[in-house]
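Scroll down for the structure; my scribbles are underneath it.
All values below come from the heavy atoms of this structure, side chains included, with hydrogens, waters and symmetry mates left out. All ligand and atom numbering here is 1-based and tracks the order in the structure. We number each residue from 1, following the sequence as shown.
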Amino acid sequence: MGEAPAFFVDDLQKGFPNGFDLKSKGSATATVIGNKAYLIGGADDESTLSIGVQIFDQTRGELVHPIVLGTIPKPCKGHSVLLLSEDQILIIKRGSTLDDCIWFLEVDTQYVREQRKILGTEVVAWSKGVRGYAGKPVVISGPSGVGKGTLISMLMEEFPSMFGFSVSHTTRAPRGMEKDGVHYHFAERSAMEKDIKDGKFLEFASVHGNLYGTSVEAVEVVADAGKRCILDIDVQGARSVRASSLEAIFIFVCPPSMEELEKRLRARGTETEEQILKRLRNAQAEIEQGQLSGIFDHILYNDNLEDCYESLKKLLGLDGNVIASPKSSIKGVDLPMDLSLSKIDQKVIINCGNPELKTASKNLIVMDLSSLKGGAPGRTRGLDFYAIDSFSDCLNGFNQLR
Ligand SMILES: Nc1ncnc2c1ncn2[C@@H]1O[C@H](COP(=O)(O)OP(=O)(O)OP(=O)(O)O)[C@@H](O)[C@H]1O
Ligand SMILES: Nc1nc2c(ncn2[C@@H]2O[C@H](COP(=O)(O)O)[C@@H](O)[C@H]2O)c(=O)[nH]1
């Protein structure tokens, strides 16, 4: 037998701890984890309600305003919460489409703990649930001129619906054909430094005299499109991502020789002589680190471009046996304003209680937590929904799996 429904979460909303002013018009929810109550929501006006987060520390009797990382959900007309674990709260936006209704507030995951240490204050992080089964992000590193950009362009051209490029920020000047927002977000150093301080970057590094970095948003945008994210970053950046909680595949691209690397850099014709020399000086150390640091899962040698591209596809599982993503069962539904949530083992059941639910005669929508991957920093991938007639369908299905 599976477990009985854990609880109906809306009950939580009735019992705020005493001793503080919630400043809400009755739309906020409180979820208690240990000695902390996470207060989510608050009124902007009568119709749309922003989803702010405050923490009431019951031990100290203090209301804390945490640093909130990740993209904050857009205001909505109301929300429901469900405590998933000691480190994560599920938020369902009422009256939203299934593509924008599932959000996770991480309160004590590995990422949040790391950020709390770095930022020295209370931190929470949002991660939006996105549909689709895109694989782990792919980090590609290697010395300047080795051909990373060329390989990535080939991949994106052959598999446009599968991969999306993480557009980095940089303080370097654009090259002739480069477009802001496409190749890079070209940024002022002071603005970028402020954003780094505010926790908006997954990683950053000083490379060849300029600042480069991957914003959390850059990775989220790709996941929102249901695509697999590709990051073209230097070895220091790869090291930071490896140390972070973003699960990724790490690939290092090596040149056949330093002479060939120099030839490619010069032939590209995008750098001054001084910059070429700087990049070549840095290349030697990067190649050593790439091969010996243990950061990378795979090393590719880019001698012949076509051969190297074939090897890249092979290690990404793209050599002819592309597995089709499972199709989501429900599409195009708007969740009603009036819903309740329950949890049976790894399944969250959204009770829409509305026979006029547009897609189906069924009022119970199931979301399977066991298929979820990723999380902050970035999106929570692998979201899928299906409809059932009754709670017993869920229990039966669950029993059959055992
Ligand atoms: N296997 C190869 N053989 C010959 N030329 C190549 C090969 N791969 C890439 N190139 C060429 O080398 C040059 C550098 O490639 P690319 O710009 O992709 O390097 P990169 O690693 O992205 O560099 P950076 O880190 O500076 O952005 C380009 O002109 C590209 O056409
Ligand atoms: N750590 C990071 N490194 C990055 C990022 N974006 C690019 N890069 C690396 O910088 C060098 C130089 O790039 P170029 O476009 O000026 O030739 C190259 O090795 C890139 O991989 C980033 O966001 N973070």
Side-chain angles (χ1 to χ4, degrees), residues 137-157 165-180 182-187 192 195-196 200-219 221-222 229-244 246 248 250-272 275-287 289-290 295-296 300-312 377:
V138 183
V139 172
I140 301 189
S141 284
S144 178
V146 72
K148 303 179 295 294
T150 308
L151 290 162
I152 292 169
S153 300
M154 291 165 83
L155 205 55
M156 306 241 320
E157 209 162 287
F165 186 61
S166 155
V167 180
S168 295
H169 281 63
T170 181
T171 59
R172 86 149 160 75
R175 294 177 187 142
M177 298 296 284
E178 285 180 335
K179 285 203 184 97
D180 189 30
V182 176
H183 299 94
Y184 279 105
H185 298 288
F186 294 100
M192 196 168 157
D195 284 348
I196 289 170
K200 292 190 181 159
F201 278 77
L202 172 63
E203 63 77 31
F204 61 92
S206 176
V207 189
H208 317 312
N210 283 298
L211 195 54
Y212 291 77
T214 309
S215 68
V216 172
E217 196 183 347
V219 179
V221 164
V222 177
C229 187
I230 305 187
L231 292 86
D232 172 348
I233 59 178
D234 85 319
V235 176
Q236 306 167 76
R239 190 189 296 279
S240 305
V241 177
R242 181 58 113 179
S244 82
L246 187 88
F250 293 77
I251 299 170
F252 187 79
V253 187
C254 258
S257 66
M258 286 303 287
E259 292 71 32
E260 174 64 17
L261 186 69
E262 179 167 357
K263 214 166 98 189
R264 288 182 196 173
L265 259 185
R266 290 189 184 286
R268 189 170 72 181
T270 49
E271 270 74 33
T272 62
Q275 286 163 347
I276 289 174
L277 294 176
K278 186 182 260 183
R279 285 174 182 239
L280 287 171
R281 274 198 304 276
N282 293 338
Q284 195 64 57
E286 282 181 281
I287 293 168
Q289 288 186 40
I295 299 171
F296 295 94
L300 289 178
Y301 288 89
N302 184 16
D303 189 353
N304 176 287
L305 183 59
E306 290 305 326
D307 290 350
C308 184
Y309 180 56
E310 287 307 314
S311 306
L312 174 62

Legend entry - Proximity to ligand 2 by part of Asp234, non-hydrogen separation under 4.0 Å: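 Near ligand 2, Asp234 shows its backbone as well as its side chain.
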
Legend entry - Under-4.0 Å heavy-atom contact with ligand 2, by part of Arg279 that carries it: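 Just the side chain.
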
Legend entry - Electrostatic pair Glu260:Arg264 at N-O distance under 4.0 angstrom: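 A salt bridge links Glu260 with Arg264.
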
Legend entry - is_close_aromatic(His169, Phe186), centroid dist under 6.0 Å: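 Ring centroids of His169 and Phe186 are no less than 6.0 Å from each other.
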
Inset, instruction - For Arg266, enumerate each residue passing the salt bridge (charged side-chain N to carboxylate O under 4.0 Å, His left out) test, keeping only those at least two apart in sequence or located in another chain. - result: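 Arg266: salt bridge (charged side-chain N to carboxylate O under 4.0 Å, His left out) contacts with Glu262, Glu273.
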
Inset, instruction - Please determine, by modelled atom types, if Arg172 and Thr170 share a side-chain donor-acceptor pair under 3.5 angstrom. - result: no

Inset, instruction - Measure the distances from the heavy atoms of Glu271 to every atom of ligand 1 and state whether one is below 4.0 angstrom. - result: no

Check whether any heavy atom of [X] sits under 4.0 Å from an atom of ligand 2.
{"X": "Lys148", "result": "yes"}
{"X": "Glu271", "result": "no"}
{"X": "Arg175", "result": "yes"}

Out of [options], who is nearest to [atom] when you count heavy atoms only?
{"atom": "atom 21 (O) of ligand 2", "options": "Val146, Asp232, Leu265, Asn210", "result": "Asp232"}
{"atom": "atom 16 (P) of ligand 1", "options": "Asp232, Leu151, Thr150, Val253", "result": "Thr150"}
{"atom": "atom 19 (O) of ligand 1", "options": "Gly149, Cys308, Gly269, Gly147", "result": "Gly147"}
{"atom": "atom 14 (C) of ligand 1", "options": "Ala283, Gly145, Ser153", "result": "Gly145"}
{"atom": "atom 5 (N) of ligand 1", "options": "His183, Lys263, Arg264", "result": "Arg264"}

Of all the non-hydrogen atoms in the protein, which one sits nearest to [atom], and at what distance?
{"atom": "atom 26 (O) of ligand 1", "result": "Ser144 OG, 2.6 Å"}
{"atom": "atom 8 (N) of ligand 1", "result": "Asn302 ND2, 3.1 Å"}
{"atom": "atom 27 (O) of ligand 1", "result": "Arg268 NH1, 3.5 Å"}
{"atom": "atom 25 (O) of ligand 1", "result": "Lys148 NZ, 2.7 Å"}

Legend entry - Within-4.5 Å side-chain heavy-atom neighbours: Gln275 and Thr270: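 Of all side-chain heavy-atom pairs linking Thr270 with Gln275, none is under 4.5 Å.
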
Legend entry - Close-contact set for ligand 1 against Pro143 heavy atoms, below 4.0 Å: 21 (O)

Inset, instruction - May I have the step-by-step check of side chain to side chain donor-acceptor pair (under 3.5 Å) for Asn282 and His208, ending in yes or no? - result: CA-CA 7 Å; Asn282 293 338; His208 317 312; 2.9 Å; yes

Legend entry - Criterion side-chain contact (heavy atoms from CB on, under 4.5 Å) on Glu178 and Arg175, from CA distance to verdict: CA-CA 5 Å; Glu178 285 180 335; Arg175 294 177 187 142; 3.6 Å; yes

Legend entry - Shortest non-hydrogen contact from Ile196 toward Phe201: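 Ile196 and Phe201 have their closest heavy atoms at CG1-CD1, 3.7 Å.
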
Inset, instruction - For Val182 and Val167, work out which heavy atoms get closest and say how close. - result: O-CG2, 3.4 Å

Legend entry - Polar proximity ligand 2 side, Glu203 side, N/O cut 3.5 Å exclusive: yes

Cut-off 3.5 Å, no hydrogens considered: what does the side-chain donor-acceptor table look like for residues 138-154, sequence neighbours left out?
| from | atom 1 | to | atom 2 | distance (Å) |
| --- | --- | --- | --- | --- |
| Ser141 | OG | Ile233 | O | 2.6 |
| Ser141 | OG | Asp234 | O | 3.4 |
| Ser144 | OG | Arg279 | NH1 | 2.8 |
| Lys148 | NZ | Gly142 | O | 2.9 |
| Lys148 | NZ | Pro143 | O | 3.2 |
| Ser153 | OG | Gly149 | O | 2.9 |

